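Everything quoted here is computed from the prediction, not taken from an experiment. FYI, the numbering just counts along the sequence from 1.
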Amino acid sequence: MTHILQLDASARPGLAGTDEHGSLSRRLSQRFVTGWQARQPDATVTHRDVGGTPPSFIDQRWIQAAFTPPERQEPWMAEVLAESDRLIDELMAADVVVIGAPLYNFGMPAALKAWVDLVVRMGRTVDFDPSRPDDPFTPLLADRPRHAIILSSRGGAGFGPGGELAHMNHLEPGLATALEFIGITRIHRVAIEHQEEGGERLAASLAEAERRVDALTGRLQELSLAHREPAVTA
């Protein structure tokens, strides 16, 4: 049975095409999840709306607690790290991580970056061994195959791989870097562009993105999730 973690990072609470001022990235993430459940009704889903309820930003107390060895931790540190522990537990339980995220000013929304900062944590999702200076980091989520699907929306166009503005897109590359660092290397990307322009170009981009989401959903369900697919796909 597949377990899905659905993360939505848009500040817009509704779905584009259904709700006024609704989110395109939420529309894609919802389409992926409902499509998966239609084919696999026993699949379970944890929905984390980081856009609507942003995680906490890390601060000095969090850093002190996170980098204190367990045997030296003080009682208050467990409370400070409790939110991070919950988010990491959700991530570790997932077979498929679906991230709906708009491109905000060339990068990920601040709420999603806060989630990244809380789940990339020494001793929980990555280990560090200073005795191996050439390769000191060990990703702890490489224990089994997990897929991450990044479903994004962009105001302009040309931000995809090979596009004229690709060098200005730090959303998917930033997420991929963090996920790969902790051991999630099977990463898939689908994006909608032309949101600011609207009209026929947006409609065509949306239709193509939804087609790709449907195809990706079917393809991933056909896989055994056991090393038969490429590590990273565009």
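By the neighbour-count criterion of 12 heavy atoms within 6.0 Å, atom CG of N105 is sparsely surrounded, having that number or fewer from other residues, nucleotides or ligands. Counting heavy-atom neighbours within 6.0 Å of R132 CZ, excluding the residue itself, gives a total above 12. Residue-environment remark: NE2 (H167) exceeds the threshold of 12 foreign heavy atoms within 6.0 Å. No more than 12 heavy atoms of other residues, nucleotides or ligands shown are found within 6.0 angstrom of CZ on R201.
Connection of V120 to L171 is established within a shared hydrophobic cluster, with ILVMFWY side chains joined at heavy-atom distances below 4.5 Å, either directly or through further cluster members. By the rule that hydrophobic residues join a cluster once side-chain heavy atoms approach within less than 4.5 Å of another member, I63 and V119 end up as members of one cluster. F128 and I182 fall within a single hydrophobic cluster, where Ile, Leu, Val, Met, Phe, Trp and Tyr side chains are chained together by heavy-atom contacts under 4.5 Å. L151 and V45 end up in the same hydrophobic cluster when Ile, Leu, Val, Met, Phe, Trp and Tyr side chains are linked at under 4.5 Å. Linking ILVMFWY side-chain heavy atoms closer than 4.5 Å, directly or via other members, places V126 and I58 in a single hydrophobic cluster.
Two residues are said to be in side-chain contact when any heavy atoms from C-beta on lie closer than 4.5 Å; L179 and I187 meet this criterion. Residues P130 and P136 fail the side-chain proximity criterion, which asks for heavy atoms closer than 4.5 Å.
Summarising the geometry, atom CG belonging to L175 is positioned 4.0 Å from atom CE belonging to M108; distances are rounded to the nearest 0.5 Å. To the nearest 0.5 Å, atom CE of residue M92 and atom CD1 of residue I184 are 10.0 Å apart. Here the CG atom belonging to L202 is positioned 7.0 Å from the CD1 atom belonging to I192, to the nearest 0.5 angstrom. For the atom pair F181 CZ and L141 CG, the distance stands at 12.0 Å (nearest 0.5 Å). Atom OG of residue S10 and atom CG of residue L112 lie 11.0 Å apart, to the nearest 0.5 angstrom. Considering OG of S152 and CG of N169, their distance stands at 7.0 Å, rounded to 0.5 Å.
A donor-acceptor contact closer than 3.5 angstrom is absent between the side chains of E193 and S205. A donor and an acceptor atom, one from each side chain of T2 and D95, are nowhere located under 3.5 Å apart. Under 3.5 Å, the side chains of T46 and Q6 contain no donor-acceptor pair of N or O atoms.
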Exercise. Can D127 and F137 be said to form a side chain to side chain contact (heavy atoms under 4.5 Å, CB included), step by step?
Worked result: CA-CA 6 Å; D127 267 342; F137 298 105; over 6 Å; no
Exercise. Are E180 and R186 close enough, and set up right, to give a salt bridge (charged side-chain N to carboxylate O under 4.0 Å, His left out), and what steps lead you there?
Worked result: CA-CA 8 Å; E180 290 168 357; R186 295 161 175 82; over 6 Å; no
Exercise. Under the side chain to side chain contact (heavy atoms under 4.5 Å, CB included) criterion, do V116 and L118 qualify, and how do the steps go?
Worked result: CA-CA 5 Å; V116 169; L118 291 178; over 6 Å; no
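Electrostatic pairing of D143 and R146 counts as a salt bridge here, judged by a charged N lying under 4.0 Å from a carboxylate O. At a threshold of 4.0 Å, the pair R124-D89 counts as salt-bridged, since one of the basic side-chain nitrogens sits closer than that to a carboxylate oxygen. Using a 4.0 Å cut-off between charged side-chain N and carboxylate O, D85 and R121 make a salt bridge. Taking a cutoff of 4.0 Å between a charged side-chain nitrogen and a carboxylate oxygen, R61 and E79 do not qualify as a salt bridge. With respect to the salt-bridge test (charged N to carboxylate O, under 4.0 angstrom), the residues E208 and R211 qualify.
Partners of R27 under the side chain to side chain contact (heavy atoms under 4.5 Å, CB included) rule, at least two apart in sequence or in another chain, are A16, L206, E210.
Nearest approach of D129 to S131, heavy atoms of both residues: OD1-OG, 2.5 Å. Summarising the geometry of L165 relative to A157, their closest heavy-atom pair is CD1-O, 3.4 Å, with the distance given to 0.1 Å.
The ring-ring contact (aromatic ring centres under 6.0 Å, His included) contacts involving residues 54-84 comprise nothing, where partners must be two or more places apart or lie in separate chains.
For the pair D49 (side chain) and G52 (backbone), a donor-acceptor distance under 3.5 Å is present. A distance-only check finds no donor-acceptor pair linking the side chain of E83 to the backbone of P55 [under 3.5 Å].
By the 30° and 60° cut-offs, the orientation of the rings of H188 relative to H147 is parallel.
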